[in-house]
Amino acid sequence: MLEIRGLTGGWGPTTVIEDLSVTVQAGETVAIIGRNGVGKSTLLELIVGRAQRRSGAIRFGATDFVPLRTYQRSAAGLGYVPQEREVFASLTVKENLAVAQRPGRWTQASALKLFPGLANRLTSLGRQLSGGEQQMLSIARALVGNPKVLLMDEPSEGLAPVVVEQLVAALKSAVGDGALAVLLVEQRIEVALDLASRCIIMDRGHVVHEASTASIKADSTRIGELMGLGAEARVN
Amino acid sequence: MNHSPLLNRHRIHWAEIAYWLMALAVFFLFPRNLSLATAIVIMALFALSLDLVMGYAGVVSMGHAVFFGIGAYGAGLISLAGHHEPITGAILAGLAAASFALMVGPVLMGLSGLPQIMVTLALNVILYEAGNKAIAITGGDDGLRGIKLDPLLGLFKWTVFGQTSYLYALGWLFVLFLVVRCLVSSPFGVSLQGLRENTERMRFIGTPVRRQLVVVYVVSGFIAGIAGAVSAQTVKFVGLEALSVEKSIDALVMLVLGGVGRLYGALIGAPVYMLVHQVASEWNPFHWMFVIGGLLIVVVMFARGGMLGVAAMLAARLRGGR
Amino acid sequence: MSALEAIGLVKRFGALVVTDDVTLKVPVGARLALIGPNGAGKTTLVGLLTGLLRPDTGTVVLNGRDVTALAPALRVKQGLVRTFQINNLFRGLTILENVFLAVSEHAGSSFAMLRPAGRCKPLVERSEAILDMLGLADVRHQTITDVSYGRQRLVEIAIALSLDPKVLLLDEPAAGIPGNEVARLLDTIARLPKDLAILLIEHDMHVVRQFAQEVMVLVAGRVLMTGSPQEVMSSSEVRTVYLGGARTTHA
Amino acid sequence: MTDVLSALSFIGIYGVSYGVVLFTISIGLVVMMGLMRVVNMAHGVFAVVGGYITVSLMNSHGVPFALAALIAVLAVAAGSVVVERIFFVKLYGAPELDHVLMTIGLMFIGMAGLNLVFGPDIVPAHLPEALAANVHLGERTLQVYRIFIVVFGAVLMIALWYVFERTSFGARLRAAVDNRGMAEAVGINVRRLFSMAFALGSGLAAVGGAVGFAVLPLEPAYAFKYLVLILIVVSMSGIGNLRASAWVSIALGVIDTAGRYFHPEIGGFIIYAVLIAWMVFRGHTLLHSPSSR
């Protein structure tokens with residue numbers, strides 16, 4: 001569904017991602033983990049088209065993404081929940097969803113069912129929401145675009161544990177029927193392992209390890225090493 | 001490129017000598033056109049003052065005619081008050097313009113970008129309106145007439161064909177050009193370029209940013225004031241156009257046309273602009289606006305460095321063998 | 001005597017305690033690294049040390065002088081100099097000119113108007129000496145945009161060195177540099193004068209391991225531990241913090 | 001007493017109608033600067049061309065005022081898209097000085113072109129009979145036209161409010177002003193939105209020129225003459241702030257009219273003094289202020 005090969009790029013003159021390759025199959029959830037500053041968010045921004053690609057291929061199904069502009073990538077079926085949420089501050093919750101809406105199974109109503117708290121605040125402006133509410137809105141906004149692949153940058157950040165559980169359940173059901181592939185950046189390893197079937201560990205702009213969730217759970221020592229700590233890591 | 005241009009500015013290029021020899025040659029080659037030549041020299045001086053703040057310090061002044069106008073009215077009033085010695089008269093008028101720059105500079109230099117563009121423009125409009133209303137001082141639409149001057153240095157009378165005027169103006173241009181050249185080659189000048197490139201970072205290395213900008217703004221105001229004064233002294237008349245926004249824009253266009261931040265941009269842009277103006281205006285003054293408008297658009301779209309920029313690019317290409 | 005010392009720094013933003021009783025010592029010639037997960041309060045601590053922020057309580061002592069009340073620019077004059085996370089250079093100027101600007105400002109020559117810059121021998125020579133030290137001499141006449149990003153980071157350090165620091169604060173110097181250039185950068189940092197105290201803020205453990213004699217771990221605004229790189233990396237507490245789970249605060 | 005009242009209502013009606021025209025012309029630039037960060041010194045050209053087309057359709061072809069204005073507005077909006085595609089695309093993201101220079105160039109060309117086609121003189125304002133009629137207000141007489149403008153302004157503001165706040169075009173526009181990158185990421189074609197906003201903005205300017213030709217008289221130098229006024233409105237309103245620009249325009253209209261009425265000698269300065277004071281104290285917020293409604 002999403003295929004990245006030999007990707008190099010970053011912000012302006014910087015090189016944050018170097019010669020990186022990743023694929024995400026339809027209906028699959030892949031988690032990218034790694035410590036701060038290894039380029040996880042930049043990788044997502046390169047796929048969205050807001051960071052600058054230097055070389056490498058990004059393919060989306062049969063479509064070559066490289067020549068497409070950001071809005072065209074979105075129209076082709078790419079959803080994005082950025083790290084900073086980036087809700088439209090001077091638009092109401094309803095308008096935030098309306099500008100992103102595209103026909104499909106996710107409607108404003110079904111997306112809001114995931115976040116009942118948000119449904120009560122339809123006429124509030126984006127800037128009036130709390131951090132957690134903004135996060136929910138950002139996720140709902142991505143869903144109503146009815147993407148085929150959803151990129152999420154630390155969606156659990158700032159959400160209460162109960163909401164995280166709900167979100168994880170909802171995402172599982174969306175992915176379960178093969179309708180949505182997810183590429184997830186997550187610092188909370190337990191959330192990542194819960195959602196994803198496959199994990200990719202990044203360091204300094206490279207993929208240093210790639211394995212099924214099960215084998216990662218079994219081999220926590222190696223993960224600690226890969227994340228630059230050089231000893232056993234405790235994973236759940 | 002095998003050198004750091006900012007640290008080599010003091011080196012004199014052969015083309016510079018050629019330029020000044022040509023300016024002198026005009027005196028002999030076009031004895032009938034010296035009044036136009038004088039006007040060109042004055043505008044070159046004015047555009048040079050703008051280059052100092054805009055090209056080097058990155059300050060966009062849309063109302064530089066304020067200083068030109070103060071200098072012009074200043075010199076006119078000084079003469080009408082009975083002081084007829086031209087050089088001290090011009091210096092006093094220049095100081096008047098510089099004092100005004102010192103007054104408004106601390107505020108204007110605290111702004112940047114669009115607010116700076118608009119406030120300098122608004123200041124120009126206000127001063128023009130004030131000049132228009134203050135008939136007792138400026139003579140309103142009639143302007144200042146009856147400006148008298150002693151012979152230059154007590155030796156040279158002000159001739160009908162403007163020989164003295166031309167050499168007087170050229171002398172000012174040369175002297176002030178040397179001052180500006182010295183200024184921009186100095187550590188102070190390098191520091192100004194740093195401000196143009198990255199004001200924020202200059203703060204981090206400890207530069208008193210605003211003080212530095214005010215200093216250069218005052219110097220620029222002084223030079224623009226001298227240009228205005230010399231204009232008043234050589235034409236023997238000061239009209240409201242000396243204070244007009246059009247005058248500011250004229251200087252801006254000349255500078256952009258010649259090349260911003262290149263010292264000679266002003267000195268080359270002014271003659272080209274004025275000569276084209278002369279030809280086009282005889283045809284129809286409104287058509288002249290087609291020409292300036294077109295030139296501005298061409299420069300922004302295709303030739304950002306102005307004529308000197310294009311010349312430098314061509315030279316680099318020739319040297320590069322392509 | 002410590003080159004830089006912070007005693008009991010506390011900083012609150014509203015109800016949130018971002019810096020919670022942090023005490024640190026940077027001795028002369030130290031090579032100290034500061035690490036911590038996102039939201040640990042590294043940026044705030046740097047702000048408190050450099051003077052961008054004022055602590056609610058606590059003191060900052062630079063070379064034996066209390067500088068808690070001094071503005072950033074004055075701390076720079078006293079020898080506390082930082083580099084920036086995101087490149088912030090004079091992009092249209094050559095590398096020599098970039099460094100010259102800082103050298104000239106530091107020498108108090110930025111209002112000198114009469115003498116051509118190129119003839120100010122001491123300033124030019126000092127600029128070139130700094131570029132030599134950082135291995136930038138061969139590219140000194142190239143503009144910033146013409147050299148690699150790794151070398152741009154070195155120019156950043158060169159500018160900091162021009163200000164004659166006693167304490168140098170390097171904020172993620174290796175961020176955004178392609179892998180093959182990191183080694184050269186670390187080499188160069190290793191060769192900086194021995195009497196210069198360096199505080200490195202970094203995410204990358206590989207960089208920390210190569211650079212630091214001592215590592216300080218900041219978590220949720222507090223110092224979790226201080227020790228040799230080996231001690232820190234084998235600590236189970238640190239691992240827990242780095243591999244998620246125990247995120248007591250969020251960014 | 002009645003003198004004071006009639007003077008006040010005179011200033012009120014004249015000031016507000018002046019403000020309405022100013023608002024109609026400036027609002028387009030407010031939107032363009034908010035969305036595209038384009039400084040357009042030539043904005044007044046759209047207004048004056050709208051006015052010229054309206055007047056010449058009325059005078060020489062006998063087209064009714066409303067229809068003439070409509071044709072003029074559509075023509076200007078269509079033409080402006082061509083101008084945007086050729087010239088303004090080069091400016092997006094370029095330094096402000098480039099914007100200023102290029103658009104001053106465009107303004108000069110516009111002025112020269114109008115002179116070529118319509119001659120250098122001020123166009124006498126011949127209002128349609130219904131608008132030219134007078135009503136009596138105490139001892140003064142007032143043209144119906146002035147009242148028409150005030151009513152028109154109210155209708156226009158409601159219409160604009162509807163477009164910006166209630167339509168999907170408006171929501172997308174505000175989203176793009178808020179965060180251009182994220183707007184693209186949710187699938188909004190911001191570049192096309194730019195062109196549409198440009199056409200809307202210049203069309204509105206043309207409305208101002210067409211409806212306000214008896215408030216701001218048409219002449220080739222129009223764009224230059226009213227440039228500073230337009231820029232004042234834009235800079236004091238903040239980015240993309242519709243409501244603020246309405247209040248600023250009307251306040252300027254009333255202040256200017258009152259100033260000229262009570263102190264004809266210095267009346268013209270008051271506006272500039274206000275601008276300078278504003279810039280000095282608030283100038284740093286310009287172009288950085290978050291959009292609000």
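- Ala69(C) approaches Arg54(C) most closely through the heavy-atom pair O-NH2, 3.0 Å.
- Proximity to chain B (any heavy atom under 4.5 Å) is shown, for Phe90(C), by both the backbone and the side chain.
- Proximity to chain B is limited to the backbone of Arg140(C), based on heavy atoms less than 4.5 angstrom apart.
- Side-chain atoms of Arg91(C) never come within 3.5 Å of backbone atoms of Glu197(B) as a donor-acceptor pair (strictly under, hydrogens ignored).
- Ranking Leu101(C), Thr143(C), Ile159(C) against chain B, the residue ahead of the rest is Leu101(C), based on heavy-atom pairs under 4.5 Å.
- Interface residue Arg211(B): backbone and side-chain heavy atoms are both found under 4.5 Å from chain C.
- For the options Asp146(C), Val81(C), Leu89(C), heavy-atom pairs under 4.5 Å to chain B are most numerous at Leu89(C).
- Counting heavy-atom pairs closer than 4.5 Å to chain C, the top residue among Cys182(B), Ser191(B), Ser185(B), Pro187(B) is Pro187(B).
- Although no hydrogens or angles enter the test, the distance criterion places a donor-acceptor pair under 3.5 Å between the side chain of Gln152(C) and the main chain of Val147(C).
- Nearest heavy-atom pair, Arg210(B) versus Pro106(B), reported as atom, atom and distance to 0.1 Å: NH1-O, 2.7 Å.
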Glu156(C)/Arg201(B) under salt bridge (Lys or Arg N to Asp or Glu O under 4.0 Å): CA gap, chis, key distance, verdict: CA-CA 11 Å; Glu156(C) 182 74 44; Arg201(B) 186 54 196 259; 2.9 Å; yes
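- Between chain B and the residues Arg119(C), Arg82(C), His106(C), the most heavy-atom pairs under 4.5 angstrom are made by Arg119(C).
- Annotation: maximal heavy-atom pairing with chain C below 4.5 Å, among Val190(B), Asn198(B), Val184(B), Val215(B), occurs at Asn198(B).
- Taking the six-membered ring where tryptophan is involved, the planes of Tyr217(B) and Phe67(B) are perpendicular, since the angle between them exceeds 60° and thus also 30°.
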